[in-house]
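Written out below as structure tokens is the structure these notes cover.
We count residues from 1, following the sequence as given. In each ligand, atom 1 is the first atom listed, and ligand 1 is the first ligand listed. In what follows, every heavy atom counts, from backbone to side chain, and hydrogens, waters and symmetry copies are set aside.
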Amino acid sequence: MVAGPIGHLEDITYRAVRTLAEADIVAAEDTRRARKLLSRYEIETRLISCHEHNERKRIAEITRLILDGADAALLSDAGTPVISDPGYRLIRAAVERGIQVTPIPGPCAAVAAASAAGLPVSDFYFAGFCSPKQGRRQRRLRELADLNAVLIFYESPHRLMKFLNDALDIFGNRNAVIAREMTKMHEEFLRGTLDELRAAFQNRTPKGEFTILIEGNHERNATSD
Ligand code: SAM
């Protein structure tokens with residue numbers, strides 16, 4: 001399980017590069033994107049596509065190749081495989097067949113954002129993507145409203161405002177951080193209350209990739225002590 005960059009192509013470990021170069025096959029979510037990364041490091045390993053829609057079909061093929069002696073690397077579109085990305089079923093199938101699964105650690109947008117946010121992230125809860133459906137999203141946010149831990153979400157640019165509206169309604173005006181386009185040319189960290197962050201996007205169209213961190217419910221902890 002090879003972690004790759006979340007933007008900047010230099011954000012990859014020596015070990016990840018060597019693993020990709022030495023593998024017999026690299027299974028990648030998007031082979032065009034993977035090819036860009038592999039070319040950057042002059043790696044010529046055979047690529048096969050393995051994404052949400054063909055994962056089940058690919059499992060039999062990839063595990064067969066491994067059982068026949070091949071070394072396979074799984075590479076996500078961005079960051080760490082399986083974290084809000086496909087790969088879980090492949091790992092489970094590999095483990096069931098006695099295949100050794102090893103992480104090659106590296107970037108993950110949630111952890112990168114937590115490291116620079118300036119929020120008390122010794123306790124955090126990774127919530128990933130909320131549902132695009134408002135009812136489900138609100139229900140999910142209500143489930144998380146009492147947690148005294150920084151909440152970390154992924155969100156697409158065109159749902160950012162809807163997410164911020166619901167978060168403000170359900171959590172109240174908590175401190176939050178929006179990490180946009182980390183490691184890329186337009187990287188930006190916006191810090192403030194949910195209301196201020198929503199206002200910041202009132203006059204600009206959200207573009208790029210967003211990770212959102214929201215402070216936990218401290219009052220809950222204070223009253224339960
Ligand atoms: N596996 C990845 C990881 O380890 O972080 C996450 C994959 S998930 C499909 C993609 C989401 O992660 C994006 O929609 C965005 O919310 C977040 N993300 C990825 N790259 C980012 C970046 N450079 N800056 C901010 N958020 C990012």
Side-chain angles (χ1 to χ4, degrees), residues 1-13 15-16 19-20 26-34 36-37 40 49-55 73-91 101-119 121 124-133 137 140-141 144 150-167 176-192 194 197-198 200-201 204-214:
M1 311 306 294
V2 180
I6 56 166
H8 200 301
L9 290 186
E10 289 176 10
D11 290 331
I12 184 163
T13 67
R15 187 170 171 227
T19 302
L20 293 170
V26 173
E29 219 184 322
D30 176 342
T31 49
R32 270 188 316 176
R33 233 175 128 160
K36 218 173 122 191
L37 177 67
R40 166 72 179 71
S49 78
C50 182
H51 45 71
E52 213 181 341
H53 305 290
N54 72 358
E55 193 186 14
L74 181 76
L75 182 67
S76 280
D77 258 10
T80 301
V82 186
I83 305 302
S84 294
D85 265 332
Y88 156 72
R89 287 192 198 90
L90 177 62
I91 297 181
V101 180
T102 306
I104 311 292
C108 172
V111 175
S115 74
L119 292 174
V121 289
F124 73 79
Y125 182 95
F126 175 63
F129 288 100
C130 284
S131 170
K133 300 204 169 113
R137 182 171 58 238
R140 177 76 175 131
L141 296 181
L144 300 173
V150 171
L151 307 172
I152 305 183
F153 298 92
Y154 289 159
E155 194 49 280
S156 73
H158 61 277
R159 278 195 289 273
L160 181 74
M161 285 309 271
K162 288 180 181 162
F163 175 88
L164 292 176
N165 285 335
D166 286 344
V177 175
I178 294 180
R180 186 176 87 85
E181 292 285 89
M182 284 180 293
T183 78
K184 303 185 205 175
M185 202 191 304
H186 300 291
E187 175 180 288
E188 187 177 19
F189 275 75
L190 293 113
R191 299 177 174 87
L194 281 169
L197 294 176
R198 190 177 62 165
F201 283 97
R204 63 186 264 202
T205 310
K207 282 195 190 124
E209 297 198 278
F210 292 87
T211 298
I212 304 150
L213 300 92
I214 302 177

Item checked: Validation row: Leu141, Phe153 side chains within 4.5 angstrom (heavy atoms) -> yes
Distances only, to 0.1 Å: what are the N or O pairs between ligand 1 and the protein that fall under 3.5 Å?
residue	atom	partner	partner atom	Å
ligand 1	1 (N)	Ala78	O	3.0
ligand 1	1 (N)	Thr80	O	2.9
ligand 1	1 (N)	Ile83	O	2.9
ligand 1	1 (N)	Asp85	OD2	2.8
ligand 1	4 (O)	Thr80	N	2.8
ligand 1	5 (O)	Ala109	N	2.8
ligand 1	5 (O)	Tyr154	OH	2.7
ligand 1	16 (O)	Glu155	N	3.4
ligand 1	16 (O)	Phe210	O	2.5
ligand 1	20 (N)	Glu209	OE1	3.4
ligand 1	23 (N)	Ile6	O	2.9
ligand 1	23 (N)	Met182	N	3.4
ligand 1	23 (N)	Met182	O	2.9
ligand 1	24 (N)	Met182	N	2.9
ligand 1	26 (N)	Thr211	OG1	2.9

**Ring centers of Phe163, Tyr154 separated by less than 6.0 Å** = no
Rounded to the nearest 0.5 angstrom, the CD-CD distance for Glu188 and Glu181 is 9.5 Å
Side-chain donor-acceptor pairs under 3.5 Å in residues 79-89, sequence neighbours left out?
residue	atom	partner	partner atom	Å
Thr80	OG1	Pro107	O	2.7
Asp85	OD2	Ser76	OG	3.4
Tyr88	OH	Arg92	NH1	3.1
Arg89	NH1	Glu55	OE1	3.0

query: Can you tell if the side chain of Thr183 reaches within under 4.5 Å of the side chain of Pro5, non-hydrogen atoms only?
result: no
Please determine whether a side-chain nitrogen of the Lys or Arg among Glu10 and Arg40 lies less than 4.0 Å from a carboxylate oxygen of the Asp or Glu.
yes
